[in-house]
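Have a look at the structure below before the remarks.
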Amino acid sequence: MGAELRKMRERAGITARAAAALLSSSPMHQSHVETGRSGISEDRLRRLARHCACDDSAFVDALVGMAQERGKGWWEEYRGIIVPVGLDLADLEHHAVRIQTFQMAHIPGLLQTEDHVRAAFRYGSPELTPQDLEAYVAFRLRRQEIITDSPATPYEAIIHEAALRLLVGGRKTAHAQLERIIERSELDHVTLRVLPFTAEDFAGAGHSMDYLHGPAPQLDTVQTDSGHGSVFFDAEPLLKRYRKRYDRVAGSALDPAKSRDFIAHMLQEL
C-alpha cells in the first residue's frame with residue numbers, strides 16, 4: 001500500500017513534503033506511510049488520491065481496504081517467527097482476487113500436505129528448532145485456507161513433471177501428496193495442469209513464479225524464489241513479461257482432464 005501511494009504521489013509530481021502539508025501531516029509520517037511503517041486513515045488516503053488526480057475508484061477503494069486491514073491479518077500472529085517475506089506473501093495471497101502459479105521443481109505451497117511441508121522445511125532449513133519448524137508448518141497450512149475455505153480464491157497451478165516425481169519425505173509421503181493434488185484439482189475454483197517431460201516446445205526451466213492478481217490491476221504482484229529467498233515484482237513492464245511467460249508455459253501444458261489422468265497414472269507407478 002505504501003509503495004503504491006508513493007508511486008501515485010510521484011506520478012502527480014507532488015513531493016513528499018507537499019503531500020504531508022496537504023494532509024496536515026509531517027514529512028516524517030508521510031515517509032513512514034510510504035515505507036509501510038505507519039498506517040493512514042481512509043479520509044487522508046482519499047484526500048491524497050484527489051490531490052494526485054487519481055480517479056480510479058476501484059484502485060483507491062482497494063488501497064482503503066488494505067489500509068483498514070493493516071495489522072489485523074492472521075499472519076500477524078507469526079510476526080517475529082516467520083521471515084518477513086513469508087508474511088508479505090500471506091498478505092498478498094489474502095488480498096488477491098486470483099492466483100496463478102508455475103513450479104518447476106517444487107509442489108506449490110498451497111497444495112502441499114502437512115508431511116510434505118515438514119519434510120521440505122527439514123531439508124531446506126535444517127537450522128530451525130523443532131518449535132520453529134512446527135510454526136513454519138502451521139503457517140503454510142494456514143495459508144492454504146484461501147483455496148479451501150469459503151469464499152475461495154480462484155487458483156490455477158501448472159506443475160512440471162519433475163516436481164511431481166520428487167519423493168519429498170519418502171515414497172509414502174509422495175503418494176499422499178499426489179492424492180492431495182488430485183483432490184484439490186476437483187474443486188470448482190482450482191485449475192491444475194501438468195507440464196510433462198515430453199512437452200517438445202518448452203524451454204523455460206527458470207520461469208517458476210506466483211502471479212497474484214490484486215483487487216485492482218495496479219496491485220498485481222509476481223513472486224519468485226531465489227537462492228536467498230523470495231523476490232517480489234510489481235512494476236508493470238515486469239508484470240507484462242511474466243504474464244507472457246506464464247501464457248507460454250500454459251500453451252505447453254496438458255489440459256486439466258489429461259493432467260489428472262497423468263497424475264493418477266503416476267500414483268499407480270508408486
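Numbers here are sequence positions counted from 1.
Ring geometry for H213 against Y211 counts as tilted: the plane angle lies between 30° and 60°, on a 0 to 90° scale. Using bins of under 30°, 30° to 60° and over 60° for the plane-to-plane angle, the ring pair Y242/F233 lands in the parallel bin.
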What's the verdict on side-chain hydrogen bond (donor to acceptor under 3.5 Å, both in side chains) for S230 and Q223, showing C-alpha distance, side-chain angles and the deciding distance?
CA-CA 7 Å; S230 295; Q223 182 266 332; 2.9 Å; yes

For this session: Start with the C-alpha distance between K240 and E236, add both sets of side-chain angles, then the distance that settles salt bridge (Lys or Arg N to Asp or Glu O under 4.0 Å), and finish with yes or no.
Result: CA-CA 6 Å; K240 184 177 181 180; E236 178 53 33; over 6 Å; no

- [ ] Would you sort out whether V249 and R245 count as a side-chain contact (heavy atoms from CB on, under 4.5 Å), showing the intermediate values?
- [x] CA-CA 6 Å; V249 171; R245 284 184 177 181; 5.6 Å; no

Check step by step if side-chain hydrogen bond (donor to acceptor under 3.5 Å, both in side chains) holds for T221 and D234. CA-CA 5 Å; T221 306; D234 60 9; 5.5 Å; no

Begin from the C-alpha positions of F102 and H160 and carry the test ring-ring contact (aromatic ring centres under 6.0 Å, His included) through to its verdict.
CA-CA 8 Å; F102 167 57; H160 196 279; 7.1 Å; no

**Message:** Between T113 and I107, is the side-chain contact (heavy atoms from CB on, under 4.5 Å) condition met? List the steps.
**Reply:** CA-CA 10 Å; T113 65; I107 302 299; over 6 Å; no

Query raised in the report: Between R243 and D247, is a salt bridge (Lys or Arg N to Asp or Glu O under 4.0 Å) present by the stated rule, with each step listed?
Result: CA-CA 6 Å; R243 286 195 296 268; D247 289 343; over 6 Å; no

**Message:** Does H265 form a side-chain hydrogen bond (donor to acceptor under 3.5 Å, both in side chains) with D261? I'd like the steps, not just the answer.
**Reply:** CA-CA 6 Å; H265 181 71; D261 291 343; over 6 Å; no

- Please test L212 against D220 for side-chain contact (heavy atoms from CB on, under 4.5 Å), starting from the C-alpha separation and ending with a verdict. CA-CA 6 Å; L212 301 113; D220 285 6; over 6 Å; no

Practice item. Take Q68 and E42, measure what side-chain hydrogen bond (donor to acceptor under 3.5 Å, both in side chains) needs, and give me the verdict at the end. Key: CA-CA 7 Å; Q68 292 175 335; E42 177 179 355; 3.1 Å; yes

Inset, instruction - Would you please test H175 and K172 for side-chain contact (heavy atoms from CB on, under 4.5 Å) and show each step? - result: CA-CA 5 Å; H175 191 281; K172 181 179 179 180; 5.8 Å; no

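Counted by atom type alone, D56 and Q218 present one or more donor-acceptor pairs between their side chains at under 3.5 Å.
The closest side-chain heavy-atom distance from D88 to F232 is below 4.5 Å. Inter-residue side-chain proximity for R241 and K244 is flagged as unmet; no heavy-atom pair is nearer than 4.5 Å. A heavy-atom distance below 4.5 Å is not found between the side chains of I81 and F139. Residues I14 and C52 meet the side-chain proximity criterion, which asks for heavy atoms closer than 4.5 Å. With a 4.5 Å cut-off on side-chain heavy atoms, I146 and I99 count as touching. For the pair L45/S41, no side-chain contact is recorded, criterion being any heavy-atom separation below 4.5 Å from C-beta on. Counting heavy atoms from C-beta on, the side chains of E179 and L267 come closer than 4.5 Å. A 4.5 Å side-chain heavy-atom check between V168 and T173 finds every atom pair outside the cut-off.
In the displayed structure, E269 atom CD is contacted under 6.0 Å by more than 12 heavy atoms of other residues, nucleotides or ligands. Taking a 6.0 Å sphere around CD of E127, one finds it holds more than 12 heavy atoms contributed by other residues, nucleotides or ligands. Residue R17 qualifies as open at atom CZ: its count of foreign heavy atoms under 6.0 Å is 12 or below. Annotation for R248: atom CZ does not count as buried by contact number, only 12 or fewer foreign heavy atoms lying within 6.0 Å. Environment of OH in Y123: sparse, with no more than 12 heavy atoms of neighbouring residues, nucleotides or ligands closer than 6.0 Å. D188 CG: 12 or fewer foreign heavy atoms inside a 6.0 Å radius.
R9 and E34 are joined by a salt bridge, as a carboxylate oxygen and a charged side-chain nitrogen come within less than 4.0 angstrom of each other. In summary, E10 and K7 do not engage in a salt bridge, as defined by a charged side-chain N under 4.0 Å from a carboxylate O. Look at E186 and R260 and you find no salt bridge, because none of the NZ, NE, NH1 or NH2 atoms lies under 4.0 Å from a carboxylate O. Taking the charged nitrogens against the carboxylate oxygens, D61 and R46 do have a contact shorter than 4.0 Å, which makes a salt bridge.
Here the closest non-hydrogen pair linking A138 and Y78 is CB-OH, 3.8 Å. In this structure, I147 and T153 approach most closely via the heavy-atom pair CG2-O, 3.8 Å. Minimum interatomic distance between A250 and R193 (heavy atoms only, all atoms of both residues): O-NH2, 2.9 Å. Closest non-hydrogen pair, L23 versus L48, comes out as CD2-N, 3.8 Å. Nearest heavy atoms, A174 versus L166: CB-O, 4.3 Å. In terms of heavy atoms, T101 sits closest to M209 at OG1-O, 3.1 Å.
Here L111 contributes atom CG and I159 contributes atom CD1; the two are 5.5 Å apart, rounded to the nearest 0.5 Å. Taken to the nearest 0.5 Å, the OG atom of S259 stands 11.0 Å off from the CD atom of E161. Rounding to the nearest 0.5 Å places CG of L167 at 11.5 Å from CD of Q177. Annotation: the span from D91 atom CG to L87 atom CG amounts to 8.5 Å, rounded to 0.5 Å. Going from atom NE2 of H189 over to atom CZ of R184 covers 8.5 Å, rounded to the nearest 0.5 Å. Interatomic distance, Q144 CD to Y155 OH, rounded to the nearest 0.5 Å: 9.0 Å.
Ring centers of H94 and W75: under 6.0 Å apart, within the cut-off.
Remark: of the listed residues H116, Q112, R142, E114, E114 is the sole one forming a side-chain contact (heavy atoms from CB on, under 4.5 Å) with V137.
Two different hydrophobic clusters hold M8 and L22 under the rule that ILVMFWY side chains link at heavy-atom gaps under 4.5 Å. Linking ILVMFWY residues whenever their side-chain heavy atoms come closer than 4.5 Å, directly or via other members, places V190 and F262 in the same cluster. Linking ILVMFWY residues whenever their side-chain heavy atoms come closer than 4.5 Å, directly or via other members, places V83 and L92 in the same cluster. Taking hydrophobic clusters as Ile, Leu, Val, Met, Phe, Trp and Tyr residues chained together by side-chain heavy-atom distances below 4.5 Å, F121 shares a cluster with V85. A chain of hydrophobic side-chain contacts below 4.5 Å, direct or via other Ile, Leu, Val, Met, Phe, Trp or Tyr residues, connects V222 to Y246.
Checked by atom type and distance alone, the side chain of S125 never pairs as donor or acceptor with a backbone atom of L128 at under 3.5 Å. Checking side-chain atoms of T35 against main-chain N and O of S31 turns up a donor-acceptor pair under 3.5 Å.
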